[in-house]
Structure formats: C-alpha cells, structure tokens
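Computed from a predicted structure; not experimentally measured. Quick note: residue numbers are just sequence positions, from 1. We use all heavy atoms of the structure for the numbers below, so side chains are in, but hydrogens, waters and symmetry mates are not.
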Amino acid sequence: GVEVGPQPQGVVRADILDKMRKIVKHGLDFVQLFNEGREFPPCTIEVFKIMEKVDYPRNKNDEVIAIIHPKLQDQDWQPLNNGDPLFLTLDGEVIAYKGDCTVYPTFINEAAYYEKKQAFVKTVKVKLTAKHIRSSVL
C-alpha cells in the first residue's frame, strides 16, 4: 500500500494526488525492470522508524489539558530535540520534549488519531542497506 499525505479528511488535493501517482509509477517501473532482468546495485537509504505514539497531556479525568505547541504544528519529519516545545497547556504553560536523542515527529495533531489518544508519533532516522538484486527468472 501507499499512503501519501498529509491532507485533511475528505479532501482531495491535486499536489498530493500527483505525488501518489509518481510513487506508484516508480514502483511499477521497478517491477518491470526487475522482471526484465536488470541488476540493481547495493544502496543505502534513510528511513524513519516508529518508536512511540505520544498522547496529549491529560488530567486525572482523562481530559486533554494541552494542545500541540505552535512551533511543532506542521513540522512533520523535522528534528525535535530535548527542550523543544511540544505542547501548550490551556493556561499557557509550555511543555517541552524531554528526550535523550533527536526524534522526528509525524502525524502531528491529525484529526484521524485524536480519538486514538495520539498527538503524534515519535520516529528516529535509521539507515537501511540493500544488497544488489537481480531476477533469477529469465
């Protein structure tokens, strides 16, 4: 499957649709070239590994007491370091990120995850290395 975004629920955006078409075309091109016997050299890519889902701060009654901080909003895939603002309480208090490494939040403040108690997801960058490949069926 391919998920391309972000875009609001129930909205079709031309730029996001174009990105989806391009990635599907690249995938199909790869399959065709592989099936034709083309050899692909080893490669390394950076990816984001999901580490933890983070909920909104809540009180003892399980009510949300803070919102996403304006400096974090719309910063999906951007580095988040120890001390950076995460949330803003309804009283105006800043709740900062307390972590021992840089993370890359995503799915920040997405409506689809609100009821799932997910303010964002923390990811870390990792490198994946693939060996060369070539179809053995020819």
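- Across every non-hydrogen atom of L80 and P85, the tightest pair is CD1-O, 4.3 Å.
- A single hydrophobic cluster is not seen to contain both V64 and Y113; linkage of ILVMFWY side chains at heavy-atom distances under 4.5 Å, directly or through other members, places them apart.
- In terms of heavy atoms, F34 sits closest to S135 at O-CB, 3.2 Å.
- Between Q73 and N109, the shortest heavy-atom contact is OE1-ND2, 3.0 Å.
- Between K117 and R58 the shortest side-chain heavy-atom distance falls below 4.5 Å.
- Here Y104 sits in one hydrophobic cluster together with F48, W77; the rule is ILVMFWY side chains under 4.5 Å apart, joined directly or through other members.
- Using a 4.5 Å cut-off between side-chain heavy atoms of Ile, Leu, Val, Met, Phe, Trp and Tyr, with links allowed through other members, I65 and V94 fall into different hydrophobic clusters.
- Smallest separation of non-hydrogen atoms from P105 and V103: CD-O, 3.7 Å.
- Between F107 and F120, the gap from one ring centroid to the other reaches at least 6.0 Å.
- Of all the heavy atoms in Q75 and I108, the pair that sits closest is C-CD1, 3.7 Å.
- The distance from atom NZ of K122 to atom CD of E52, rounded to the nearest 0.5 Å, is 4.0 Å.
- Hydrophobic clustering (side-chain heavy atoms under 4.5 Å, transitive across Ile, Leu, Val, Met, Phe, Trp, Tyr) groups L17 together with L28.
- Looking only at side-chain heavy atoms (C-beta outward), Y56 and Q118 stay at 4.5 Å or farther from each other.
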### Evaluation steps, side-chain contact (heavy atoms from CB on, under 4.5 Å), between H69 and L88
CA-CA 5 Å; H69 193 280; L88 186 62; 4.3 Å; yes
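- Looking at T123 and T106, their side chains never bring a donor and an acceptor atom within 3.5 Å of each other.
- Counted within 6.0 Å of CZ on R21, heavy atoms from surrounding residues, nucleotides or ligands total 12 or fewer; the atom is thus considered open.
- Considering CG of D15 and NZ of K19, their distance stands at 6.0 Å, rounded to 0.5 Å.
- With contacts defined as side-chain heavy-atom distances shorter than 4.5 Å, the pair K49/V124 qualifies.
- At a threshold of 4.5 Å between non-hydrogen side-chain atoms, the residues P42 and K131 do not count as touching.
- Residues L72 and I95 share a single hydrophobic cluster, defined by chaining ILVMFWY side chains whose heavy atoms lie under 4.5 Å apart.
- Side-chain atoms of N82 do not come within 3.5 Å of backbone N or O of D100 as any donor-acceptor pair.
- A donor-acceptor pair under 3.5 Å is formed between the side chain of R134 and the backbone N or O of G37.
- The structure places CD of Q32 at 9.0 Å from NZ of K25, a figure rounded to the nearest 0.5 Å.
- Annotation for E115: atom CD does not count as buried by contact number, only 12 or fewer foreign heavy atoms lying within 6.0 Å.
- Under the 3.5 Å distance criterion, the side-chain polar atoms of N61 are left unmatched by any main-chain donor or acceptor of E63.
- Listed for the D84 side chain is a donor-acceptor partner under 3.5 Å among the backbone atoms of N81.
- With sequence neighbours excluded, the residues that form a salt bridge (Lys or Arg N to Asp or Glu O under 4.0 Å) with K22 are D18.
- Distance check, rounded to the nearest 0.5 Å: CD of E39 to CG of L33 gives 13.0 Å.
- Considering every non-hydrogen atom in both G83 and A96, the closest pair reads O-CB, 3.6 Å.
- By the rule that hydrophobic residues join a cluster once side-chain heavy atoms approach within less than 4.5 Å of another member, V121 and F87 end up as members of separate clusters.
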